[in-house]
Number of protein chains: 2
Amino acid sequence: MWQCQGVKPPAAPAGAVRQGSLRELNLALVLGRIADARRPPSRAALAADTGLTRATVSAVVEDLVAGRLVTEADPTPRAGAGRPARGLMLAGNGPAGLGLEINVDYLAACVVDLAGQVRHHTVHRSDLRPVSPADALGRLAELAARARADADAQDLTLAGAALGVPGLVDGSGQVRLAPNLGWRDVPVPDLLAQHPPLTETVDGVPPLVVDNEANLAALGELHAGAAPGSFLHISGEVGIGAGIVLNGALFRGTRGWSGEIGHIPVRPDGPPCRCGGRGCLELYAGQEAILSAAGLAGADLPADRASTRLTQLAAAEHPAVLHALAEAGTAIGVTVASVVNLLDLDTVVLGGGYASLTGWLRPPVLAEIERRVLTAAWSPVTVRPATLGATAAAVGAAGSVVRRIIAQPGGWLARL
Amino acid sequence: MWQCQGVKPPAAPAGAVRQGSLRELNLALVLGRIADARRPPSRAALAADTGLTRATVSAVVEDLVAGRLVTEADPTPRAGAGRPARGLMLAGNGPAGLGLEINVDYLAACVVDLAGQVRHHTVHRSDLRPVSPADALGRLAELAARARADADAQDLTLAGAALGVPGLVDGSGQVRLAPNLGWRDVPVPDLLAQHPPLTETVDGVPPLVVDNEANLAALGELHAGAAPGSFLHISGEVGIGAGIVLNGALFRGTRGWSGEIGHIPVRPDGPPCRCGGRGCLELYAGQEAILSAAGLAGADLPADRASTRLTQLAAAEHPAVLHALAEAGTAIGVTVASVVNLLDLDTVVLGGGYASLTGWLRPPVLAEIERRVLTAAWSPVTVRPATLGATAAAVGAAGSVVRRIIAQPGGWLARL
DNA sequence: GCTATTTGTTCAGTGGTTGAATTAAATGAC
DNA sequence: GTCATTTAATTCAACCACTGAACAAATAGC
């Protein structure tokens, strides 16, 4: 049976620091440096970088190599005198992560290895709104099985999986509300229980983690792009969600429901929203709102085609579309200004359907930021498109699995 | 010379984990448990709590006692069989923190000991707007000297100081902008350089840290009140600031300028604000705005008297005041709804001048939250007044010094 | 007074890091 | 071609801090 869990506890580093913890912490430290380095570092470089002794680094690396997390690069053609360094890099054939995504009109599965390479990627397009949750998850399990077979064929060991859904997920992996999918209180763990298990738990984390797709997309951007330690990632899908990355970690909020940016009030006295509020951002910059303002309301485009169509029309300078995007950008800008005033972030990433529209959305967003952010003069804010494609959540989900192994290699190594 | 620093680097735990780090981490772990415990725990209880061995706990506690951070409580009159436990508590005569505050119409200094007790507190009232920064800091230095003498007399060792100012502080301790004080680019470190030094650095942190008053007030609330790990603290002074505490730590933002909640747009098309934006929160819930709406605009009250007067009038059910507070509460509620949608916080603390007005502000704030927060149904938000008084920033500043020693006792112990 | 019970300390043992010495492997000068 | 130089990586005794178990201390109950 699959075991599931939505939000892993923050896991404060303040547990008991036992004797073995020392090695565990240094494993994580060295592995992290190897992962973040631009080119394969030598043991000596790692020692100088971390402050550890060369002897300790050697011992730690030996463990990592034995655990198939790190491999030595080819004999390096380095210049200068002295014994040539043997570069260390993340292993391409060790553990890998399985990323899954359910969205309004597609299912996706992908496999990402330790080095962050996407080794498998499948997208299955179909409108899932009329499909029951159980059937939808059944189809997803088929994609997962195919991905797993492909991973096995490539000598990869799946170490866990993460599933992104466009809605609110509680601590037990249950989907409390996914408005655009029409789901409410769907027990994803139970529904997946009948399908074969993915793998055993690693380091106490269950094999499948369910999370909000905006969170996972932000995580994907964190370690795919050259994103800094703190940024806001806005996913413009049918709804609008956001993932908040602070100091290199996703901030999930008290109950895991952070980032509901779509229902931040832009005009408190504006038209009513189905959420019960008034003048929410989604009413001005959601997909329906933009299509409607552009005069494309009845076109009945699939959700993922809508942004493509808008991009084409905007590139052709379609007046109504340009106007609609300017309006949407202004609304996004007002919201982003609030966020930047509150959190002092220096980077905003436009993802999902917004990514390809960045050229038209950025000017009004920046204009609102400059007008409304007190510190804008000293602290310029960068607005840029997401580097991952449409299925960023799936890639981010898979990445979150391998990222956890890199951050806590102890669990994976103990499994051997 | 005083050395200053505005924002301490996040200090990611991911440094080199050397051999001695182990002891350092366990010192912090044990000391933290002693600080958080309701009643003085025994060594055995600490061992059971932390997972360390009794032997290790004994050794760690020996270091802490030798460093005057912990003392043994009186022979405990405990019930039940067995050797009676010797309770451990934070030392009252060890290191202490000096907290300073400059605000629009007062200066404050206080001394807080390890246990969080306020051992000295002085407030000097006078309008500082017409006073030059150099003179203001000179007066503050006098207060600090008096506080220091009092600390010496009580056998306390000042281990550092923090200064709260109502404005933006950069990484070097310079005040970039304090609009309500009329300061701009004031080099606080240089201006204090002529005054005698406070004490030597502890653990690499300079003896004086300059920070935003809203940040320090939030920190004070964090370890004074029964506040949970994550909350938003709103300081209603002449301006409106906020401190954001996430998972038990203050979140400062990329450049240390988080929490500028006063200029979050409430009505994007509203009246112009002097910040350059339109419809900022301060225009609806700032002190001037409330007084003006209440018909008290010309009363020319000192800033700290204004909230007292408003509270009296509200208690007397003065119609215009009640209306003004309802309007302000609604504006605050709209803003808080944005914050909760974004960060999923479950607690909002009303501080500064808002604290005594909580009774009238809370209903409209809660109403807006319930209307506009998507997850409000499953995730109730608590709105409560701050427990610290008007000079919360000074107390919070002093508390931040001792709190750092508790979190990182290694530096203090190494100093001996 | 004796036993049960819980607290706190002592001490040999061990895991993991340290620092210096040693070996390994390549460059470059003569 | 040989050898000094240089940098990389390993080996090894020493050491630091935690572990686990045995032991001493202090009290309640019988």
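Numbers restart at 1 for each chain; the letters A, B, ... are given by sequence-line order, proteins then strands.
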A:Asp113 vs A:Val402 side-chain heavy atoms within contact, under 4.5 Å: no
Residue-phosphate contact under 4.0 Å: B:Arg23 side-chain N/O, D:dC16 OP1/OP2: no
Partners meeting salt bridge (charged side-chain N to carboxylate O under 4.0 Å, His left out) with A:Asp63 (sequence neighbours left out): A:Arg23
Nearest-neighbour nucleotide for the B:Arg83 side chain, D:dT19, D:dT11, C:dG8 considered: C:dG8
Basic-acidic side-chain contact under 4.0 Å: A:Arg43, A:Glu72: yes
Nucleotide nearest B:Thr53 (side chain, heavy atoms from C-beta), chosen from D:dG20, C:dT17, D:dT10: D:dG20
Atom-to-atom span, CG of B:Leu46 to P of D:dC18 - whole angstrom: 14 Å
Side chains of B:Val70 and B:Val30 in contact at under 4.5 Å (non-hydrogen atoms): no
Heavy-atom side-chain proximity of B:Asp155 to B:Arg68 below 4.5 angstrom: yes
Any B:Ser58 side-chain N or O less than 4.0 Å from OP1/OP2 of C:dT9: yes
Atom pair distance, as rounded to whole Å: CG in B:Leu88 and C1' in C:dT7: 12 Å
Nearest-neighbour nucleotide for the A:Arg54 side chain, D:dT10, D:dG20, D:dT27 considered: D:dT10
Near-strand residues of residues 59-66 of chain A, defined as heavy-atom separation under 4.0 angstrom from DNA chain D: none
Side-chain N or O of A:Thr56 closer than 4.0 Å to phosphate OP1/OP2 of C:dG16: no
From C:dT5, C:dG19, D:dT10, nucleotide with atom closest to B:Ala81 side chain: C:dT5
Protein-nucleotide distance (B:Leu52, atom CG; C:dT9, atom C1'), rounded to Å: 16 Å
Residue-phosphate contact under 4.0 Å: B:Ser42 side-chain N/O, C:dT6 OP1/OP2: no
Rounded interatomic separation in angstrom, taking CD from B:Glu72 and P from C:dT7: 14 Å
Check ion pair A:Arg119-A:Asp152 (N to O, under 4.0 angstrom): no
Closest to side chain of A:Leu22, choosing from C:dG8, D:dG20, C:dG16: C:dG16
Presence of A:Asn26 side-chain N/O under 4.0 Å of C:dG16 phosphate oxygens OP1/OP2: no
Whole-Å distance separating the CZ atom of B:Arg86 from the C1' atom of D:dA25: 9 Å
Under 3.5 Å donor-acceptor pair, B:Arg43 side-chain atoms to C:dG8 base atoms: no
Flag if over 12 foreign heavy atoms under 6.0 Å of CD, A:Glu62: no
